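The first residue in the sequence is number 1, and the count goes up from there. Note that the coordinates shown come from a computational prediction; the quantities given were computed from them, not determined experimentally. As the structure lists them, so they are numbered: ligands from 1, and atoms in each ligand from 1.
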Amino acid sequence: MKKHVVLYKTLSAPLMARLEAVAQVTVVENPKSQDGLAHLRDALPEAEGLLGASLTLDADLLSLAPRLQVVSSVSVGVDNYPIDELTRRGILLTNTPDVLTETTADTGFALIMATARRVVELADWVRDGQWKQNIGPAHFGTDVHGKTLGIIGMGRIGEALAQRGHFGFGMRVIYHSHSQKPAVDARFGAEYRNLDALLQEADFVCLTLPLTAQTQGLIGAEQFARMRPETIFINIARGKVVDEQAMIEALRSGQIRAAGLDVFTQEPLPADSPLLTFDNVVATPHMGSATHETREAMAACAVDNLISALNGQRPKDLVNPETWPRG
Ligand code: DGY
């Protein structure tokens, strides 16, 4: 008999066909809306597999799913799942690393370029019809090439950013991570720093680390105070790694030069967020992995992980290996 899967993300027709070949699929649209959530709650009691993204699967929702065997997330980040509780119940959690690494690093570099060279601000200025004579120093940006790229979190995405900085822009790479990585040092001429030293030294401070209990609020007022008026702050990790109010103060006081932000404490970012009042902030809508190719690759990876798990095989991207082999 086919297993029951609750799908709360739109899949392409080929992926949907692949999933439906092995599972009985209940599609829940927009699970964050009131109706969608009610539908999800109705579907959970039968669910043996879940597939989707961006939903906070809290203890209440999980308690409605006694038959659940696997949660397949279409994301690399898994901060929205109660991992300990899933593990305690023997429920497999899978994610989609690797396939989004390069695209997310591209987004990081887009924010580096946009903030340093004031691309969005000046493009808006041209669009407003304000370009009436050659621009002068008031509109100049700052160089990216040859500067010091500081990466906090040297995982796959951190490495892909280092590659772009080192080989593409001749940047000096420094990084902070839970451990020093000799292979990274050798490949990019990178140098390990403790957090304070990195914050003081980097021209670009880039966050690429996961949100966990240890990293929540890692960058607050004390950390912004260590940065310099030339520092550009880039966050492609998770909003909650940063104390957003402290970042707003750092921008307001000129403690940092600019910020390129793809992630926020509250998403979608409220239209009245003070962050949107700064010309030197480039805010994008959590689009790190958002290209047609990469989102399809992520969904394919999630479908494969789900199918493996439902077939009793170890999925490739198992986040909680303690659940394997099945008891
Ligand atoms: C990820 O894959 O974690 C992206 O940030 C989307 O949530």
Taking only heavy atoms of [X], which atoms of ligand 1 are found under 4.0 Å from at least one of them?
X: G77; value: 1 (C), 2 (O), 3 (O)
X: S75; value: 1 (C), 2 (O), 3 (O)
X: L100; value: 2 (O)

Legend entry - Distance from atom 6 (C) of ligand 1 to nearest protein heavy atom, with residue and atom: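 The protein heavy atom lying closest is H286 NE2, 3.5 Å.
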
Legend entry - Nearest-contact summary for atom 1 (C) of ligand 1 - protein heavy atom, Å: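 The closest heavy atom on the protein side is V76 N, 3.4 Å.
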
Inset, instruction - Look at the side chain of R164 and the backbone N and O of A160, then say whether any donor-acceptor pair between them is shorter than 3.5 Å. - result: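 Side chain of R164 to backbone of A160, a donor-acceptor pair under 3.5 Å: yes, one is there.
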
Inset, instruction - Taking the side chain as every heavy atom from C-beta outward, state whether V242 and L207 have any pair of such atoms under 4.5 Å apart. - result: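 A side-chain contact under 4.5 Å exists here.
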
Legend entry - Any N/O pair R238/ligand 1 closer than 3.5 Å: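 N/O-N/O distance under 3.5 Å: yes.
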
Legend entry - Sidechain N-carboxylate O distance under 4.0 Å for R172, E201: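 A salt bridge links R172 with E201.
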
Legend entry - Parallel, tilted or perpendicular: ring planes of H176 versus Y192, cut at 30 and 60 degrees: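 Correct class here is tilted.
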
Inset, instruction - Verify the distance criterion only: is there a donor paired with an acceptor across the side chains of T265 and E244 at less than 3.5 Å? - result: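 Looking only at side-chain atoms, E244 and T265 do form a donor-acceptor pair, the distance falling under 3.5 Å.
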
